[in-house]
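Okay, so here's the structure we're looking at.
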Amino acid sequence: MSKVDVGTLATWRAAGISTRQLHSLVSSGQLVKVRHGAYATSSVLARAASDPGLRHALEVAATMATRRHGGTASHHSAALLHGLRLLKQPPGTVTLTVPPGTRAGRYRQDAGVICHAAELPDQQVTKRYGVPVTTAARTVADIARTTTFMEGVVVADAALYERHASKSELRRVLAGCERWPGTSRARQVIDFADGLAESVLESCARVLFRDHGLPPPELQVHITGRDRTMIARVDFFWRRYGVVAETDGLLKYDSGERAIAERRRDRLLLEAGFEVVHVTWQELFSDPARVAGRIREAFRRAERLGLAQ
């Protein structure tokens, strides 16, 4: 995205377009209002229709163009620009970090903009889609400090999984925020984070397993049968009990070949002596205690059958 893809009317005038031409471009739809006082070209908006990161970058660029202190995209906005998974994102909201002392204050939500006032070392700022944005490591640290443990784990898992950051980088960034609010929780998030988690649901499941006192499972384990033949790669595995947990499971397929393959996979796991527990998004958030209870019952069955190691 170039600087002339989005801007204020003053920006377009500075690019050599007269007021009359601007009105004509807006009337014809070649320039489209993105936010109050800011317009983008129809061509870049067309590209953004299939690129959520670019679409949000346009929102960020438009917001910066209309503010006295532009700031740097951070927190949830930065996560979107880096393509990191999020548990939730305030709809239509742009999140910026501005220098300390800026009149925006520490936290201020105004017209869909949330501003955080904080120091941003040069090495913690990069560019995505031509927009200044906090690095992935700083983004994770910020979200982990300012949101819930689960939201922090989701984005930290994503950054590790996509190799946007390593644990050492996350810890190094957090060390520079040691006296800031939320650093203790952020440290716990980073310690708990695991780059093997492949989805938001898997990250959330790990947190709820922990919250309900289950031992930590292994992630993305290749299971073989008694004849050493590969059966499946499973989301979660408690090796001591021979218990497997799969997120979504059969309910993600209504019918057809994939449902048949899923049932066959379950049958092979059961025949090989493994317990299988399926977990859906709805079950996990509507009754997590029941999900944890089903897994514990699988542990008990394994112990009764003498399968536990």
Side-chain angles (χ1 to χ4, degrees), residues 85-88 148-158 160-162 188-309:
R85 301 187 297 262
L86 288 169
L87 179 57
K88 55 186 177 182
T148 65
F149 181 80
M150 182 177 286
E151 289 176 273
V153 169
V154 168
V155 74
D157 282 357
L160 295 173
Y161 177 76
E162 299 290 347
Q188 293 172 15
V189 165
I190 292 169
D191 288 343
F192 186 79
D194 193 320
L196 292 176
E198 295 183 336
S199 69
V200 171
L201 182 54
E202 288 182 25
S203 296
C204 293
R206 293 175 54 240
V207 173
L208 291 174
F209 293 162
R210 185 203 74 150
D211 291 349
H212 286 80
L214 292 173
E218 298 175 49
L219 277 62
Q220 312 306 332
V221 177
H222 290 84
I223 301 292
T224 58
R226 294 187 177 94
D227 61 355
R228 303 293 182 182
T229 301
M230 170 73 173
I231 298 176
R233 186 176 70 127
V234 301
D235 295 337
F236 304 111
F237 184 49
W238 287 270
R239 190 176 298 274
R240 176 184 173 186
Y241 302 100
V243 172
V244 166
E246 289 282 77
T247 52
D248 282 342
L250 289 173
L251 295 184
K252 62 185 171 183
Y253 311 123
D254 293 329
S255 61
E257 293 182 5
R258 297 190 70 181
I260 294 170
E262 188 81 2
R263 287 194 291 270
R264 179 178 180 275
R265 184 172 178 265
D266 275 8
R267 177 176 56 77
L268 290 173
L269 286 168
L270 292 170
E271 289 175 352
F274 298 99
E275 291 278 346
V276 182
V277 178
H278 288 283
V279 181
T280 68
W281 184 278
Q282 182 178 0
E283 290 171 329
L284 194 68
F285 284 93
S286 64
D287 198 350
R290 184 178 180 185
V291 171
R294 288 166 53 205
I295 294 172
R296 284 198 180 90
E297 179 56 36
F299 292 168
R300 287 191 287 269
R301 283 196 298 271
E303 289 179 324
R304 286 196 300 270
L305 294 171
L307 300 175
Q309 297 179 10

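Quick caveat, the model's predicted, so the values are computed rather than measured.
For Glu271, the side chain to side chain contact (heavy atoms under 4.5 Å, CB included) test picks out Arg267, Leu268, with sequence neighbours left out. For Arg233, the side chain to side chain contact (heavy atoms under 4.5 Å, CB included) partners at least two apart in sequence or on another chain are Glu198, Gln220, His222, Met230. When the side-chain hydrogen bond (donor to acceptor under 3.5 Å, both in side chains) test is applied to Arg85, no partner is found at least two apart in sequence or on another chain. Under the side chain to side chain contact (heavy atoms under 4.5 Å, CB included) criterion, Thr224 pairs with no residue, sequence neighbours left out. Under the rule for a side chain to side chain contact (heavy atoms under 4.5 Å, CB included), the partners of Pro215 that lie at least two apart in sequence or sit in another chain are Trp238, Phe299. Checked against side-chain hydrogen bond (donor to acceptor under 3.5 Å, both in side chains), Ser286 has no partners two or more places apart in sequence or in another chain. In this structure, Arg296 has no salt bridge (Lys or Arg N to Asp or Glu O under 4.0 Å) partners at least two apart in sequence or on a different chain.
Between Leu87 and Val154, the shortest heavy-atom contact is N-CG1, 3.7 Å. Contact between Arg300 and Gly293 at its shortest, heavy atoms only, is NH2-O, 4.3 Å. In terms of heavy atoms, Leu219 sits closest to Ala197 at CD2-N, 3.7 Å.
A salt bridge does not link Glu297 to Arg294: none of the charged nitrogens lies less than 4.0 Å from a carboxylate oxygen.
Rounding to the nearest 0.5 Å places CD1 of Ile295 at 10.5 Å from NE2 of His212. Remark: Leu269 CG to Glu275 CD distance equals 11.0 Å, nearest 0.5 Å.
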Full working for side chain to side chain contact (heavy atoms under 4.5 Å, CB included) between Val243 and Phe236 = CA-CA 8 Å; Val243 172; Phe236 304 111; over 6 Å; no

For residues 188-196, tabulate all N or O donor-acceptor pairs below 3.5 Å that involve a side-chain atom, not counting sequence neighbours.
{"unit_1": "Asp191", "atom_1": "OD1", "unit_2": "Arg171", "atom_2": "NH2", "d": "3.0"}
{"unit_1": "Asp194", "atom_1": "OD1", "unit_2": "Leu196", "atom_2": "N", "d": "2.8"}

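Identified under the salt bridge (charged side-chain N to carboxylate O under 4.0 Å, His left out) test for residues 205-224, with sequence neighbours left out: Asp157-Arg206, Glu218-Arg239.
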